[in-house]
K.L.:
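Quick one: the structure is below, and I'll ask about it shortly.
Every chain is numbered from 1, with letters handed out A, B, ... down the list of sequences.
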Amino acid sequence: MTESLYRADTARRGRARRLTLLLALAATGVYVAFILLHVPQARG
Amino acid sequence: MAHADTHAHDDHHEHKPSGIGRWLFATNHKDIGTMYLVFALGMFFLGGAMALLIRLELFKPGMQYFDPQFYNSLVTTHALVMIFGAVMPAFVGLANWMIPMQIGAPDMALPRMNNYSFWILPFAFTLLLSSFATAGGGPAGGWTLYPPLSLQGGTSFPLTIFAIHLMGASSIMGAINVIVTIMNMRAPGMTLLKLPLFCWTWLITAYLLIAVMPVLAGAVTMLLTDHFFGTSFFNPAGGGDPVMFQHIFWFFGHPEVYILILPAFGIVSEIIPTFSRKPLFGYDAMVYATASIAFLSFIVWAHHMFTVGMPLAGQMFFMLSTMLIAVPTGVKVFNWTTTMWRGSLSFEPPMLFALAFLFLFTIGGFSGLMLAIAPADFQYQDTYFVVAHFHYVLVPGAVFAIMAGVYFWLPKWTGHMYDMALAKWHFWLSSISVNVLFFPQHFLGLAGMPRRIPDYNTQFTDWNMVSSVGGLVFGVSQLLFVWVIVKCVSSGERATDKVWSDAMPLGLEWTLPSPAPYHSFEDAPEVK
Ligand code: HEM
Ligand SMILES: [Cu+2]
């Protein structure tokens, strides 16, 4: 039988948590990077 | 046995929670999917009402009803409401309903985050729309928010930016949920290359969202600091560059238009095989074409800004890379057509909408190719030709695919068949009027009518009148859609489990009873 993730075995839950974290960090990283990339221009 | 097991694990799990709490604290993928779809439908009518006001003002030359500032806010918020409030949430709603059912999972992987990502949306749109009540009115600089114009907004400016931040956060959470669900929750045997195309296109869309929503968030954050904190990212006086905003915006913006169309491709790829009673032609090619389109969407952005004065080499690059997208798109159109070849076709409402999609989306693709020709775009840029182009890809494109999907899966959701005759009326009225509405805009654009203008030269009168009449008929026809859905939820002939035919469709969702149980697959199905 399958389980919804919150009832899944620890290995699968671990994989899901790591992937979630990775994607959230990637999104945050893109956001910060795009702003920092343009900071030299912001200060003139 | 498995049943008793799960029950012990999780008690509230089997029966639906009741009352308002069921919706406020919803974690069930079907409940959240329903909320997304209802929200999207509401926003579709709100954005549609704005569109009708726009068409009302444009019915005749001269200023009739609104002052130009208010007209511009209507144009701006119409776009934001339709893109971020109607089309994207509708796709997320369909994803919520269908992805667990198609991959053989009981629910989405991250149900609580699912709840947050939905409930952020009403707040975001309240912020956005509340700006109409502030001094200076709603945002009026266009959905593209180009500085310096957008920086001149009053109170609406920060409200719009915070609203966009919230919408972005909601989309990113939704996208993470889709990816984690598809990567971790597939039934045993469901390898990636057995994934239904709706899941595939959504998986790729979700990666696009994670890559570009933060870019939009970054762009509007920089606008915010330029306005309030004295930075000059986009201000030449301080060493910045307003054209840089356009680059950043369209680096988000072009992948965004594919976010608005890839799930539509997925839906159509589910429907055409079903009503042709043949498996999809070229499944693998469809997957690779989708991935190629997604990849190419990152290197074409400056086709939106040919007229800013970029070097010739830049124009050539962006022109040719844009035209390259026609190749994978052609693969798709070819495969859908070949799927129908010698099929045993039938024309129920989902198929009708999918076929209209195929023809009319392709018209939008052709005008896109015309716009991609850099020297020609100097003529078309900022005219109604562009408006005609993107409405063809978005209305009989994305919106028709959503309607096709709703008509396809509605019997599975409600357990009832809907009124086929009424749905066909909805189809014919919509697909005729949508052409009356948007086709003349090609002529207007080629003749030089600028976009985002409340008044126009008298030579443009006739086609504007035709377009406005088409708009009114299209708008009113959508009430039929609501009527069909409401009737189907409350009554109607019982739907069978397979719904459309015994031979097809083949996806896992059709092995579930109609209506689908509250939790989709408590026991994992075996996929061979
Ligand atoms: C066949 C592929 C396509 C090509 C070659 C193409 C090409 C273009 C070009 C060159 C422009 C800029 C025109 C200008 O401003 O002068 C444009 C605008 C636009 N396209 Fe497409 N396009 C394609 C498909 C799509 C799709 C699938 C969508 C959305 C579902 C879309 C949505 C838009 C929108 C919203 C704009 C206008 C943005 C704005 O200025 O507000 N396009 N397209
Ligand atoms: Cu584009």
K.L.:
May I ask you to list the residues in residues 199-207 of chain B that approach chain A closer than 4.5 angstrom, counting heavy atoms only, ordered by number?
P.N.:
B/Y207
K.L.:
Check whether any side-chain heavy atom of B/Y518 lies under 4.5 Å from a side-chain heavy atom of B/D31, and answer yes or no.
P.N.:
yes
K.L.:
Sort by residue number and list every member of residues 162-175 of chain B having a non-hydrogen atom under 4.5 Å from chain A.
P.N.:
B/H165, B/I172
K.L.:
May I have the step-by-step check of side-chain contact (heavy atoms from CB on, under 4.5 Å) for B/L223 and B/S150, ending in yes or no?
P.N.:
CA-CA 8 Å; B/L223 282 181; B/S150 65; 3.9 Å; yes
K.L.:
Is there side-chain contact between B/I248 and A/H38, with heavy atoms separated by less than 4.5 Å?
P.N.:
yes
K.L.:
Classify the ring geometry between B/H304 and B/H254 as parallel (under 30°), tilted (30 to 60°) or perpendicular (over 60°).
P.N.:
tilted
K.L.:
Identify, with sequence neighbours excluded, every residue that meets side chain to side chain donor-acceptor pair (under 3.5 Å) alongside B/T34.
P.N.:
B/W97
K.L.:
Considering only heavy atoms and a distance below 4.5 Å, find which of B/T231, B/I210, B/L216 pairs most often with chain A.
P.N.:
B/I210
K.L.:
With a 4.5 Å heavy-atom cut-off, do B/V178 and B/T181 have their side chains touching?
P.N.:
no
K.L.:
May I have the list of side-chain donor-acceptor pairs in residues 27-37 of chain A shorter than 3.5 Å, sequence neighbours left out?
P.N.:
unit_1 : atom_1 : unit_2 : atom_2 : d
A/T28  : OG1    : A/A24  : O      : 2.7
A/Y31  : OH     : B/T221 : OG1    : 2.7

K.L.:
Answer yes or no: is there a side-chain heavy-atom contact under 4.5 Å between B/M305 and B/W250?
P.N.:
yes
K.L.:
Is it true that, when you exclude B/F228 itself, more than 12 heavy atoms of the residues, nucleotides or ligands shown sit nearer than 6.0 Å to its CZ?
P.N.:
yes
K.L.:
Using side-chain contact (heavy atoms from CB on, under 4.5 Å), reason through B/E256 and B/I259 one step at a time and then give a plain yes or no.
P.N.:
CA-CA 5 Å; B/E256 169 68 18; B/I259 288 164; 3.6 Å; yes
